[in-house]
Amino acid sequence: MSNELLRWPVHVEVRLKSRASARFDTIRKFVQTFVISHDRLGIPSVLEGWQDVPELSASVEHINICESSCTKQSLSREEMILHVHVYQPSDGESFEEFSTGSGNGGEDEDTMAASVCELPNRGWEGLWNSLIYAGDIKLKLLDYIHATLLLSDANVDFNLVSWNRVVLLHGPPGTGKTSLCRALAQKLSIRLSHRYSHARLLEINSHSLFSKWFSESGKLVQRLFNSINELIEEEDSFVIVLIDEVESLTAARAGAMAGTEPSDGLRVVNALLTQLDKLKHRKNVLIMSTSNLVNAIDSAFVDRADIVQFVDLPTREAIYEILRTCLCEVISKGVVAPVKIPALKQAQMYEVVAKAGDEDACKTEDPHEKQKYLALRILKLAAQCRSQKMSGRALRRLPVLALARYLGMGSTTPSPDTVTDELATGAADIDI
Ligand code: ADP
(Lines give C-alpha, C1' and ligand atoms only; values in the text may rest on other atoms or scores of the structure.)
Protein backbone atom coordinates (compact mmCIF):
# COMPACT_ATOMS: atom_id res chain seq x y z
CA MET A 1 0.00 0.00 0.00
CA SER A 2 1.26 3.49 -0.85
CA ASN A 3 2.39 5.68 2.06
CA GLU A 4 1.44 8.80 0.15
CA LEU A 5 -0.63 11.17 2.31
CA LEU A 6 -4.22 11.64 1.13
CA ARG A 7 -4.97 15.32 0.63
CA TRP A 8 -8.46 16.83 0.75
CA PRO A 9 -9.73 20.06 -0.78
CA VAL A 10 -10.71 22.40 2.07
CA HIS A 11 -12.78 25.48 1.22
CA VAL A 12 -12.31 28.55 3.40
CA GLU A 13 -14.93 31.28 2.97
CA VAL A 14 -13.88 34.76 4.06
CA ARG A 15 -16.65 37.35 4.42
CA LEU A 16 -15.58 40.99 4.26
CA LYS A 17 -17.24 43.86 6.10
CA SER A 18 -19.66 45.95 4.01
CA ARG A 19 -17.41 48.98 3.85
CA ALA A 20 -14.07 47.16 3.60
CA SER A 21 -12.04 48.38 0.64
CA ALA A 22 -9.12 45.94 0.90
CA ARG A 23 -8.08 44.07 -2.23
CA PHE A 24 -9.46 40.53 -2.30
CA ASP A 25 -6.14 38.97 -3.38
CA THR A 26 -4.29 40.71 -0.52
CA ILE A 27 -6.80 39.36 2.00
CA ARG A 28 -6.61 35.91 0.40
CA LYS A 29 -2.84 35.80 0.94
CA PHE A 30 -3.12 36.91 4.58
CA VAL A 31 -5.82 34.30 5.26
CA GLN A 32 -3.77 31.59 3.56
CA THR A 33 -0.75 32.42 5.74
CA PHE A 34 -2.91 32.55 8.86
CA VAL A 35 -4.61 29.22 8.14
CA ILE A 36 -1.38 27.33 7.50
CA SER A 37 0.03 28.64 10.77
CA HIS A 38 -2.35 26.10 12.42
CA ASP A 39 -1.23 22.49 12.80
CA ARG A 40 -4.80 21.17 12.52
CA LEU A 41 -8.20 22.59 11.64
CA GLY A 42 -11.67 21.38 12.63
CA ILE A 43 -13.84 20.40 9.61
CA PRO A 44 -16.20 22.25 9.54
CA SER A 45 -15.45 25.07 11.96
CA VAL A 46 -15.48 28.81 12.45
CA LEU A 47 -11.93 30.14 12.37
CA GLU A 48 -10.93 32.30 15.34
CA GLY A 49 -7.81 34.27 16.25
CA TRP A 50 -7.55 36.21 12.95
CA GLN A 51 -8.83 39.24 14.86
CA ASP A 52 -5.24 39.65 16.18
CA VAL A 53 -3.89 40.13 12.65
CA PRO A 54 -4.41 43.87 11.96
CA GLU A 55 -4.70 43.47 8.15
CA LEU A 56 -7.49 40.95 8.66
CA SER A 57 -9.32 42.55 11.57
CA ALA A 58 -9.65 45.81 9.59
CA SER A 59 -11.60 44.18 6.75
CA VAL A 60 -12.80 40.68 7.67
CA GLU A 61 -16.10 39.87 9.34
CA HIS A 62 -16.14 36.06 9.45
CA ILE A 63 -14.02 33.10 8.36
CA ASN A 64 -15.70 29.76 7.84
CA ILE A 65 -13.90 26.46 7.27
CA CYS A 66 -16.47 24.54 5.25
CA GLU A 67 -17.53 20.90 5.39
CA SER A 68 -15.61 18.48 3.20
CA SER A 69 -16.30 15.03 1.81
CA CYS A 70 -13.54 13.81 4.14
CA THR A 71 -15.06 11.96 7.10
CA LYS A 72 -12.41 13.11 9.60
CA GLN A 73 -13.38 15.77 12.10
CA SER A 74 -10.08 17.60 11.69
CA LEU A 75 -7.26 17.68 9.16
CA SER A 76 -3.58 18.44 9.55
CA ARG A 77 -1.92 21.16 7.49
CA GLU A 78 -0.29 18.51 5.28
CA GLU A 79 -3.63 16.83 4.53
CA MET A 80 -5.31 19.98 3.17
CA ILE A 81 -5.43 21.56 -0.27
CA LEU A 82 -6.62 25.03 0.60
CA HIS A 83 -9.11 27.02 -1.48
CA VAL A 84 -9.64 30.46 0.00
CA HIS A 85 -12.70 32.37 -1.28
CA VAL A 86 -13.00 36.04 -0.33
CA TYR A 87 -16.39 37.73 -0.82
CA GLN A 88 -18.33 40.83 0.12
CA PRO A 89 -22.08 40.17 0.16
CA SER A 90 -24.55 42.66 -1.32
CA ASP A 91 -27.08 44.11 1.05
CA GLY A 92 -30.34 42.26 1.63
CA GLU A 93 -32.39 44.82 -0.25
CA SER A 94 -30.85 44.28 -3.65
CA PHE A 95 -33.89 42.44 -4.95
CA GLU A 96 -35.66 43.69 -8.01
CA GLU A 97 -38.88 42.62 -9.57
CA PHE A 98 -38.66 41.23 -13.03
CA SER A 99 -41.42 42.03 -15.41
CA THR A 100 -42.36 39.94 -18.41
CA GLY A 101 -44.15 42.90 -19.93
CA SER A 102 -43.88 43.25 -23.67
CA GLY A 103 -42.55 46.78 -23.35
CA ASN A 104 -45.20 48.11 -25.72
CA GLY A 105 -47.63 49.13 -23.02
CA GLY A 106 -49.80 46.07 -23.58
CA GLU A 107 -52.29 44.80 -21.01
CA ASP A 108 -49.89 42.26 -19.48
CA GLU A 109 -47.23 44.91 -18.99
CA ASP A 110 -47.29 44.55 -15.22
CA THR A 111 -47.04 40.77 -14.94
CA MET A 112 -44.31 40.20 -12.36
CA ALA A 113 -43.13 36.73 -13.06
CA ALA A 114 -39.76 36.73 -11.34
CA SER A 115 -37.48 38.51 -8.90
CA VAL A 116 -33.74 38.88 -9.24
CA CYS A 117 -31.17 39.30 -6.52
CA GLU A 118 -27.45 39.92 -6.62
CA LEU A 119 -25.29 37.19 -5.08
CA PRO A 120 -23.67 36.63 -2.70
CA ASN A 121 -26.36 38.33 -0.69
CA ARG A 122 -26.36 39.23 3.00
CA GLY A 123 -29.93 37.95 3.22
CA TRP A 124 -28.82 34.35 2.51
CA GLU A 125 -25.81 34.34 4.84
CA GLY A 126 -25.87 31.40 7.27
CA LEU A 127 -28.68 29.65 5.37
CA TRP A 128 -26.47 26.81 4.06
CA ASN A 129 -25.19 25.92 7.54
CA SER A 130 -28.66 26.14 9.07
CA LEU A 131 -30.03 23.40 6.80
CA ILE A 132 -29.55 19.98 8.35
CA TYR A 133 -30.11 16.72 6.48
CA ALA A 134 -29.44 13.14 7.46
CA GLY A 135 -27.75 12.28 4.16
CA ASP A 136 -25.12 14.15 2.20
CA ILE A 137 -27.58 16.03 -0.05
CA LYS A 138 -25.70 19.31 0.20
CA LEU A 139 -22.31 17.87 -0.75
CA LYS A 140 -23.90 15.79 -3.50
CA LEU A 141 -25.30 18.96 -5.11
CA LEU A 142 -21.94 20.74 -4.87
CA ASP A 143 -20.17 17.74 -6.39
CA TYR A 144 -22.66 17.72 -9.29
CA ILE A 145 -21.85 21.37 -10.09
CA HIS A 146 -18.15 20.62 -9.82
CA ALA A 147 -18.52 17.72 -12.27
CA THR A 148 -20.42 19.85 -14.82
CA LEU A 149 -17.75 22.57 -14.61
CA LEU A 150 -14.98 20.03 -15.14
CA LEU A 151 -16.74 18.59 -18.19
CA SER A 152 -17.52 22.04 -19.62
CA ASP A 153 -13.90 23.14 -19.16
CA ALA A 154 -12.68 20.00 -20.87
CA ASN A 155 -14.93 20.82 -23.86
CA VAL A 156 -16.50 17.36 -23.75
CA ASP A 157 -18.53 16.58 -26.86
CA PHE A 158 -22.17 17.22 -25.95
CA ASN A 159 -23.31 14.57 -28.42
CA LEU A 160 -21.51 11.94 -26.40
CA VAL A 161 -21.85 13.16 -22.83
CA SER A 162 -24.67 15.55 -22.16
CA TRP A 163 -26.44 17.11 -19.27
CA ASN A 164 -29.23 19.65 -18.94
CA ARG A 165 -28.14 21.88 -16.03
CA VAL A 166 -31.48 21.14 -14.33
CA VAL A 167 -31.86 19.98 -10.71
CA LEU A 168 -35.20 18.97 -9.20
CA LEU A 169 -35.73 18.76 -5.44
CA HIS A 170 -38.98 17.18 -4.33
CA GLY A 171 -40.52 16.12 -1.07
CA PRO A 172 -43.04 17.14 1.60
CA PRO A 173 -43.63 20.86 2.24
CA GLY A 174 -41.39 22.60 4.77
CA THR A 175 -38.38 20.34 4.28
CA GLY A 176 -36.13 23.20 3.16
CA LYS A 177 -36.17 22.66 -0.63
CA THR A 178 -36.54 26.33 -1.59
CA SER A 179 -34.06 27.35 1.10
CA LEU A 180 -31.58 24.77 -0.13
CA CYS A 181 -31.80 26.17 -3.68
CA ARG A 182 -31.13 29.69 -2.39
CA ALA A 183 -28.32 28.48 -0.13
CA LEU A 184 -26.74 26.57 -3.01
CA ALA A 185 -26.98 29.64 -5.23
CA GLN A 186 -25.21 31.68 -2.54
CA LYS A 187 -22.56 28.98 -2.11
CA LEU A 188 -21.91 28.82 -5.86
CA SER A 189 -21.57 32.57 -6.14
CA ILE A 190 -18.85 32.42 -3.46
CA ARG A 191 -17.09 29.31 -4.78
CA LEU A 192 -17.18 30.45 -8.42
CA SER A 193 -16.19 34.06 -7.81
CA HIS A 194 -12.76 33.43 -9.37
CA ARG A 195 -14.50 32.55 -12.68
CA TYR A 196 -17.54 34.83 -12.65
CA SER A 197 -17.41 38.40 -11.42
CA HIS A 198 -21.22 38.54 -10.99
CA ALA A 199 -23.82 36.05 -9.89
CA ARG A 200 -27.58 36.43 -9.80
CA LEU A 201 -30.48 34.39 -8.50
CA LEU A 202 -33.67 34.68 -10.54
CA GLU A 203 -36.74 33.23 -8.81
CA ILE A 204 -39.64 32.44 -11.10
CA ASN A 205 -43.10 32.83 -9.73
CA SER A 206 -44.75 29.83 -11.42
CA HIS A 207 -48.28 30.99 -10.66
CA SER A 208 -47.90 34.39 -12.27
CA LEU A 209 -46.79 32.77 -15.50
CA PHE A 210 -50.36 31.65 -15.94
CA SER A 211 -51.49 35.00 -17.24
CA LYS A 212 -54.90 36.42 -16.58
CA TRP A 213 -55.00 36.59 -20.37
CA PHE A 214 -54.97 32.87 -20.52
CA SER A 215 -53.74 32.38 -24.06
CA GLU A 216 -50.77 34.69 -23.40
CA SER A 217 -48.95 32.34 -21.03
CA GLY A 218 -46.81 30.61 -23.62
CA LYS A 219 -45.63 34.02 -24.78
CA LEU A 220 -44.91 35.06 -21.19
CA VAL A 221 -42.60 32.08 -20.72
CA GLN A 222 -40.91 32.99 -23.97
CA ARG A 223 -40.44 36.59 -22.86
CA LEU A 224 -39.16 35.58 -19.46
CA PHE A 225 -36.54 33.33 -21.02
CA ASN A 226 -35.57 36.10 -23.46
CA SER A 227 -34.75 38.19 -20.41
CA ILE A 228 -32.85 35.27 -18.83
CA ASN A 229 -30.87 34.97 -22.05
CA GLU A 230 -29.99 38.64 -21.82
CA LEU A 231 -28.64 38.05 -18.30
CA ILE A 232 -26.48 35.11 -19.37
CA GLU A 233 -25.22 36.98 -22.42
CA GLU A 234 -22.69 38.53 -20.03
CA GLU A 235 -20.19 35.71 -19.96
CA ASP A 236 -18.61 36.68 -16.66
CA SER A 237 -21.99 36.44 -14.94
CA PHE A 238 -23.41 33.20 -13.44
CA VAL A 239 -27.20 32.92 -13.29
CA ILE A 240 -29.15 30.50 -11.12
CA VAL A 241 -32.82 30.20 -12.07
CA LEU A 242 -35.13 28.91 -9.33
CA ILE A 243 -38.52 27.59 -10.42
CA ASP A 244 -40.47 27.01 -7.23
CA GLU A 245 -43.44 24.62 -7.19
CA VAL A 246 -42.68 23.60 -10.73
CA GLU A 247 -45.66 21.22 -10.80
CA SER A 248 -47.97 24.22 -11.21
CA LEU A 249 -46.25 24.93 -14.54
CA THR A 250 -45.89 21.46 -15.84
CA ALA A 251 -48.90 19.49 -14.59
CA ALA A 252 -50.94 21.13 -17.27
CA ARG A 253 -49.71 19.08 -20.20
CA ALA A 254 -51.03 15.81 -18.86
CA GLY A 255 -54.33 17.55 -18.14
CA ALA A 256 -54.43 19.05 -21.62
CA MET A 257 -53.80 15.67 -23.20
CA ALA A 258 -56.55 14.13 -21.11
CA GLY A 259 -58.82 16.96 -22.22
CA THR A 260 -59.28 18.31 -18.69
CA GLU A 261 -57.01 21.37 -19.02
CA PRO A 262 -57.22 24.21 -21.52
CA SER A 263 -54.61 24.07 -24.26
CA ASP A 264 -52.95 27.14 -22.75
CA GLY A 265 -51.35 24.89 -20.14
CA LEU A 266 -49.90 22.84 -22.95
CA ARG A 267 -48.40 25.92 -24.56
CA VAL A 268 -46.75 26.95 -21.28
CA VAL A 269 -45.15 23.55 -20.77
CA ASN A 270 -43.99 23.30 -24.34
CA ALA A 271 -42.51 26.79 -24.19
CA LEU A 272 -40.74 25.93 -20.93
CA LEU A 273 -39.27 22.69 -22.27
CA THR A 274 -38.07 24.36 -25.48
CA GLN A 275 -36.40 27.14 -23.54
CA LEU A 276 -34.75 24.69 -21.13
CA ASP A 277 -33.32 22.77 -24.06
CA LYS A 278 -31.74 25.94 -25.40
CA LEU A 279 -30.14 26.79 -22.06
CA LYS A 280 -28.30 23.51 -21.67
CA HIS A 281 -25.54 24.71 -24.00
CA ARG A 282 -24.76 27.73 -21.82
CA LYS A 283 -21.99 27.24 -19.28
CA ASN A 284 -23.02 30.00 -16.91
CA VAL A 285 -26.53 28.94 -15.95
CA LEU A 286 -28.12 26.45 -13.55
CA ILE A 287 -31.84 25.71 -13.26
CA MET A 288 -33.02 24.63 -9.80
CA SER A 289 -36.61 23.54 -9.35
CA THR A 290 -38.69 22.37 -6.40
CA SER A 291 -41.92 20.47 -6.07
CA ASN A 292 -44.11 19.14 -3.29
CA LEU A 293 -45.86 16.80 -5.73
CA VAL A 294 -43.41 15.01 -7.95
CA ASN A 295 -46.12 12.83 -9.45
CA ALA A 296 -47.89 15.91 -10.76
CA ILE A 297 -44.88 17.09 -12.76
CA ASP A 298 -44.72 16.55 -16.48
CA SER A 299 -42.53 13.51 -17.10
CA ALA A 300 -40.73 15.37 -19.90
CA PHE A 301 -39.60 17.91 -17.30
CA VAL A 302 -38.52 15.26 -14.78
CA ASP A 303 -36.63 13.54 -17.57
CA ARG A 304 -34.63 16.70 -18.21
CA ALA A 305 -33.42 16.93 -14.60
CA ASP A 306 -29.84 15.68 -14.14
CA ILE A 307 -30.53 15.18 -10.43
CA VAL A 308 -33.95 14.29 -9.05
CA GLN A 309 -33.41 14.50 -5.32
CA PHE A 310 -35.98 13.49 -2.74
CA VAL A 311 -35.85 15.71 0.35
CA ASP A 312 -37.49 13.88 3.21
CA LEU A 313 -38.80 14.98 6.60
CA PRO A 314 -35.93 15.22 9.10
CA THR A 315 -34.75 12.11 10.93
CA ARG A 316 -34.50 11.99 14.73
CA GLU A 317 -30.80 12.87 14.47
CA ALA A 318 -31.40 15.82 12.14
CA ILE A 319 -34.22 16.99 14.44
CA TYR A 320 -31.82 16.90 17.41
CA GLU A 321 -29.43 19.18 15.53
CA ILE A 322 -32.22 21.52 14.40
CA LEU A 323 -33.50 21.87 17.98
CA ARG A 324 -29.95 22.22 19.32
CA THR A 325 -29.15 25.05 16.89
CA CYS A 326 -32.46 26.77 17.82
CA LEU A 327 -31.58 26.56 21.52
CA CYS A 328 -27.97 27.68 20.97
CA GLU A 329 -29.23 30.76 19.12
CA VAL A 330 -31.64 31.86 21.87
CA ILE A 331 -28.94 31.17 24.48
CA SER A 332 -26.32 33.17 22.54
CA LYS A 333 -28.72 36.12 22.29
CA GLY A 334 -29.33 36.04 26.07
CA VAL A 335 -33.02 35.08 25.83
CA VAL A 336 -32.46 31.76 27.60
CA ALA A 337 -30.04 31.15 30.52
CA PRO A 338 -26.61 29.94 29.32
CA VAL A 339 -25.62 26.27 29.22
CA LYS A 340 -23.62 24.20 26.73
CA ILE A 341 -25.84 21.88 24.71
CA PRO A 342 -23.93 18.79 23.55
CA ALA A 343 -23.55 18.11 19.83
CA LEU A 344 -25.32 15.06 18.42
CA LYS A 345 -22.32 12.69 18.66
CA GLN A 346 -21.88 13.47 22.36
CA ALA A 347 -25.62 13.11 22.97
CA GLN A 348 -25.57 9.68 21.32
CA MET A 349 -22.70 8.65 23.59
CA TYR A 350 -24.72 9.70 26.64
CA GLU A 351 -27.60 7.69 25.26
CA VAL A 352 -25.52 4.52 24.99
CA VAL A 353 -24.62 4.62 28.69
CA ALA A 354 -27.87 6.15 29.97
CA LYS A 355 -30.00 4.31 32.46
CA ALA A 356 -33.76 4.13 32.12
CA GLY A 357 -35.35 7.33 33.33
CA ASP A 358 -32.12 9.39 33.13
CA GLU A 359 -33.79 11.90 30.85
CA ASP A 360 -36.43 12.44 33.51
CA ALA A 361 -33.89 12.76 36.33
CA CYS A 362 -34.49 15.79 38.50
CA LYS A 363 -32.62 18.85 37.43
CA THR A 364 -29.10 19.10 38.75
CA GLU A 365 -26.59 21.91 39.21
CA ASP A 366 -23.58 19.74 38.22
CA PRO A 367 -22.67 21.19 34.76
CA HIS A 368 -21.69 17.81 33.29
CA GLU A 369 -24.82 16.09 34.57
CA LYS A 370 -26.88 19.01 33.35
CA GLN A 371 -25.53 18.63 29.80
CA LYS A 372 -26.24 14.91 29.86
CA TYR A 373 -29.76 15.49 31.17
CA LEU A 374 -30.45 18.08 28.47
CA ALA A 375 -29.01 15.93 25.69
CA LEU A 376 -31.21 13.00 26.68
CA ARG A 377 -34.29 15.22 26.98
CA ILE A 378 -33.72 16.69 23.53
CA LEU A 379 -33.13 13.24 22.01
CA LYS A 380 -36.41 12.04 23.52
CA LEU A 381 -38.16 15.14 22.21
CA ALA A 382 -36.61 14.58 18.77
CA ALA A 383 -38.04 11.06 18.68
CA GLN A 384 -41.45 12.48 19.62
CA CYS A 385 -41.26 15.10 16.84
CA ARG A 386 -40.17 12.43 14.37
CA SER A 387 -43.11 10.20 15.23
CA GLN A 388 -45.38 13.20 14.58
CA LYS A 389 -43.71 13.71 11.16
CA MET A 390 -42.79 17.31 11.89
CA SER A 391 -41.14 19.28 9.08
CA GLY A 392 -38.05 21.46 9.46
CA ARG A 393 -40.29 24.51 9.17
CA ALA A 394 -42.52 23.35 12.06
CA LEU A 395 -39.45 22.54 14.17
CA ARG A 396 -37.86 25.95 13.69
CA ARG A 397 -40.97 27.68 14.98
CA LEU A 398 -41.35 25.38 17.98
CA PRO A 399 -39.04 27.47 20.23
CA VAL A 400 -41.16 30.57 19.58
CA LEU A 401 -44.26 28.74 20.75
CA ALA A 402 -42.39 27.26 23.73
CA LEU A 403 -41.12 30.67 24.78
CA ALA A 404 -44.55 32.22 24.37
CA ARG A 405 -46.01 29.51 26.59
CA TYR A 406 -43.29 30.11 29.17
CA LEU A 407 -43.67 33.90 29.15
CA GLY A 408 -47.41 33.44 29.49
CA MET A 409 -46.64 32.05 32.94
CA GLY A 410 -45.27 35.49 33.90
CA SER A 411 -41.61 34.46 34.05
CA THR A 412 -38.46 36.13 32.73
CA THR A 413 -35.25 34.40 31.47
CA PRO A 414 -36.02 30.68 31.29
CA SER A 415 -33.43 27.93 31.65
CA PRO A 416 -32.83 25.57 28.71
CA ASP A 417 -34.40 22.64 30.54
CA THR A 418 -37.64 24.53 31.14
CA VAL A 419 -37.60 25.56 27.46
CA THR A 420 -37.06 21.91 26.52
CA ASP A 421 -40.03 20.92 28.68
CA GLU A 422 -42.12 23.58 26.98
CA LEU A 423 -40.85 22.43 23.57
CA ALA A 424 -42.01 18.93 24.39
CA THR A 425 -45.45 20.15 25.44
CA GLY A 426 -45.57 22.39 22.35
CA ALA A 427 -44.61 19.52 20.05
CA ALA A 428 -47.30 17.34 21.59
CA ASP A 429 -49.90 20.08 21.01
CA ILE A 430 -48.97 20.88 17.46
CA ASP A 431 -51.48 19.86 14.91
CA ILE A 432 -49.68 18.76 11.79
P1 ADP B 1 -39.97 23.89 1.28
O2 ADP B 1 -39.48 24.67 0.11
O3 ADP B 1 -39.51 22.47 1.28
O4 ADP B 1 -41.45 24.00 1.52
P5 ADP B 1 -38.65 25.90 2.84
O6 ADP B 1 -37.34 26.04 2.16
O7 ADP B 1 -39.68 26.95 2.55
O8 ADP B 1 -39.27 24.47 2.58
O9 ADP B 1 -38.36 25.79 4.42
C10 ADP B 1 -38.79 26.77 5.32
C11 ADP B 1 -37.89 26.85 6.52
O12 ADP B 1 -37.95 25.64 7.31
C13 ADP B 1 -36.41 26.99 6.19
O14 ADP B 1 -36.03 28.32 5.92
C15 ADP B 1 -35.76 26.49 7.46
O16 ADP B 1 -35.74 27.49 8.45
C17 ADP B 1 -36.69 25.40 7.94
N18 ADP B 1 -36.21 24.07 7.53
C19 ADP B 1 -36.83 23.24 6.67
N20 ADP B 1 -36.12 22.11 6.53
C21 ADP B 1 -35.01 22.22 7.30
C22 ADP B 1 -33.89 21.37 7.57
N23 ADP B 1 -33.74 20.17 6.99
N24 ADP B 1 -32.94 21.82 8.41
C25 ADP B 1 -33.09 23.01 9.00
N26 ADP B 1 -34.11 23.86 8.80
C27 ADP B 1 -35.09 23.48 7.96
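Just follow the structure's listing: the first ligand is 1, and inside any ligand the first atom is 1.
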_For ligand 1, the portion of Thr178 having any non-hydrogen atom under 4.0 Å away_ = both

*So between Leu313, Leu180, Ile132, whose heavy atom ends up nearest atom 23 (N) of ligand 1?*
Ile132

*Distance-only donor-acceptor check, side chains Asn121 and Ser90, under 3.5 Å*: no

*Nearest non-hydrogen atom to atom 7 (O) of ligand 1 belongs to which of Lys138, Arg397, Arg393?*
Arg393

*Single hit among Thr290, Ile287, Leu286 for side-chain contact (heavy atoms from CB on, under 4.5 Å) with Val167*: Leu286

*Heavy-atom nearest neighbour in the protein, as seen from atom 19 (C) of ligand 1, with distance rounded to 0.1 Å*: Gly174 O, 3.1 Å

*When you measure from atom 3 (O) of ligand 1 to every protein heavy atom, which one gives the shortest distance, and what is it?*
Lys177 NZ, 2.6 Å

*Can you tell which part of Ser130 has a heavy atom less than 4.0 Å from ligand 1: side chain, backbone, both or neither?*
backbone

_Quick check for you: to the nearest 0.5 Å, what is the distance between Ser130 atom OG and Leu180 atom CG?_
10.0 Å

*Among all protein non-hydrogen atoms, which one is nearest to atom 6 (O) of ligand 1, and what is the separation to 0.1 Å?*
Ser179 OG, 2.6 Å

_Set of ring pair (Phe, Tyr, Trp, His ring centres under 6.0 Å) partners for His198, sequence neighbours left out_ = none

_Ligand-residue contact atoms, ligand 1 with Thr175, heavy atoms, under 4.0 Å_ = 1 (P), 3 (O), 8 (O), 19 (C), 20 (N)

*Taking atom types as modelled, is there a side-chain donor on Arg122 or Ser18 under 3.5 Å from an acceptor on the other?*
yes

*Subset of ligand 1 atoms that lie under 4.0 Å from at least one heavy atom of Ile322*: 22 (C), 24 (N), 25 (C)

_Beyond-backbone contact of Leu184 with Ile240, side-chain heavy atoms, under 4.5 angstrom_ = no

*Apply side-chain contact (heavy atoms from CB on, under 4.5 Å) to Ile43 and Ile65, showing your working.*
CA-CA 6 Å; Ile43 310 285; Ile65 313 283; 4.0 Å; yes

*Are Arg304 and Asp277 close enough for a salt bridge, meaning some N to O gap below 4.0 Å?*
yes

*Numbering the atoms of ligand 1 from 1, which are under 4.0 Å from a heavy atom of Gly392?*
12 (O), 17 (C), 18 (N), 19 (C), 20 (N), 21 (C), 27 (C)

*asked:* Under a 4.0 angstrom heavy-atom cut-off, which atoms of ligand 1 come close to Pro173?
replied: 4 (O)

_Residues Tyr196 and Asn284: side-chain donor-acceptor under 3.5 angstrom_ = no

*Select one of side chain, backbone, both or neither to describe which atoms of Arg396 lie under 4.0 Å from any atom of ligand 1, heavy atoms only.*
side chain

*asked:* Distance under 4.0 Å to a non-hydrogen atom of Gly176: what atoms of ligand 1 satisfy this?
replied: 1 (P), 3 (O), 5 (P), 6 (O), 8 (O), 9 (O), 19 (C), 20 (N)

